[in-house]
Amino acid sequence: GWPLLVHGGKELPFAAGRTPAARHPRTALGFNKGYLYLAEVDGRQGQLSVGMTFAELAKLMFQLGCTEALNLDGGGSSTFWLQGKVMNSPSDKRQRSVANTLLITRTANLRRADK
């Protein structure tokens, strides 16, 4: 992923007029001491969403409480898939074939070996 959005509990600055200032679909991962945050922002769909700049995404992740956050892939590959269904509106109007995935699974409670 690139760029870092939040580091050390602070939003990172982005210069206006540069490519990161354009609004596009975005995907981000962030965390703090207690929580993991996943964000997907649709874009390129005027009737639904124009997307976010990196600065706007950094502000969102900071407002959610992230002390660290990173932009992941964006554009047409920004897809939120949950329990077999696409939950957002990808800008390509369909799932894009990509080789990268962030997969989070739930397992049964495991006993710690040191207990």
Discussion item. Can you confirm whether Lys33 sits close enough to Thr67 that some side-chain heavy atom of one is under 4.5 Å from a side-chain heavy atom of the other?
Written reply: no

The complete set of salt bridge (charged side-chain N to carboxylate O under 4.0 Å, His left out) pairs with one or both residues in residues 75-91, sequence neighbours excluded, reads none

Across all chains, not counting sequence neighbours, the side-chain contact (heavy atoms from CB on, under 4.5 Å) partners of Val86 are Thr79, Trp81, Asn88, Pro90, Gln95

Of all heavy-atom pairs linking Asp73 and Ser77, the shortest is OD2-OG, 2.7 Å

Apart from Met87 itself, members of its ILVMFWY cluster (side-chain separation under 4.5 Å) are Phe80, Leu82

Notebook entry, point to check: Are there more than 12 heavy atoms of other residues, nucleotides or ligands under 6.0 Å from atom CD of Gln47?
Noted result: yes

Contacts of Leu70 meeting side-chain contact (heavy atoms from CB on, under 4.5 Å) (sequence neighbours excluded), chain-then-number -> Leu4, Leu72

Salt bridge (charged side-chain N to carboxylate O under 4.0 Å, His left out) pairs touching residues 3-13, sequence neighbours excluded, are none

The complete set of salt bridge (charged side-chain N to carboxylate O under 4.0 Å, His left out) pairs with one or both residues in residues 44-56, sequence neighbours excluded, reads Arg23-Glu56

Tracing side-chain contacts under 4.5 Å among Ile, Leu, Val, Met, Phe, Trp and Tyr outward from Leu103 reaches none

Under a 3.5 Å distance rule, please check whether Thr27 uses its side chain to pair with a backbone N or O of Ser78 as donor and acceptor.
no

So CZ of Arg26 and OG of Ser49: to nearest 0.5 Å the spacing works out to 11.0 Å

Applying side-chain contact (heavy atoms from CB on, under 4.5 Å) to Glu68 and not counting sequence neighbours gives His7, Phe31

Sequence neighbours excluded, the answer for side-chain contact (heavy atoms from CB on, under 4.5 Å) partners of Ala69 is Leu5, Val6, Met61, Cys66

Sorted by chain and residue number, the side chain to side chain donor-acceptor pair (under 3.5 Å) partners of Ser91 (sequence neighbours excluded) come out as none

Residues passing the side chain to side chain donor-acceptor pair (under 3.5 Å) test with Lys93, sequence neighbours excluded, are Gln45

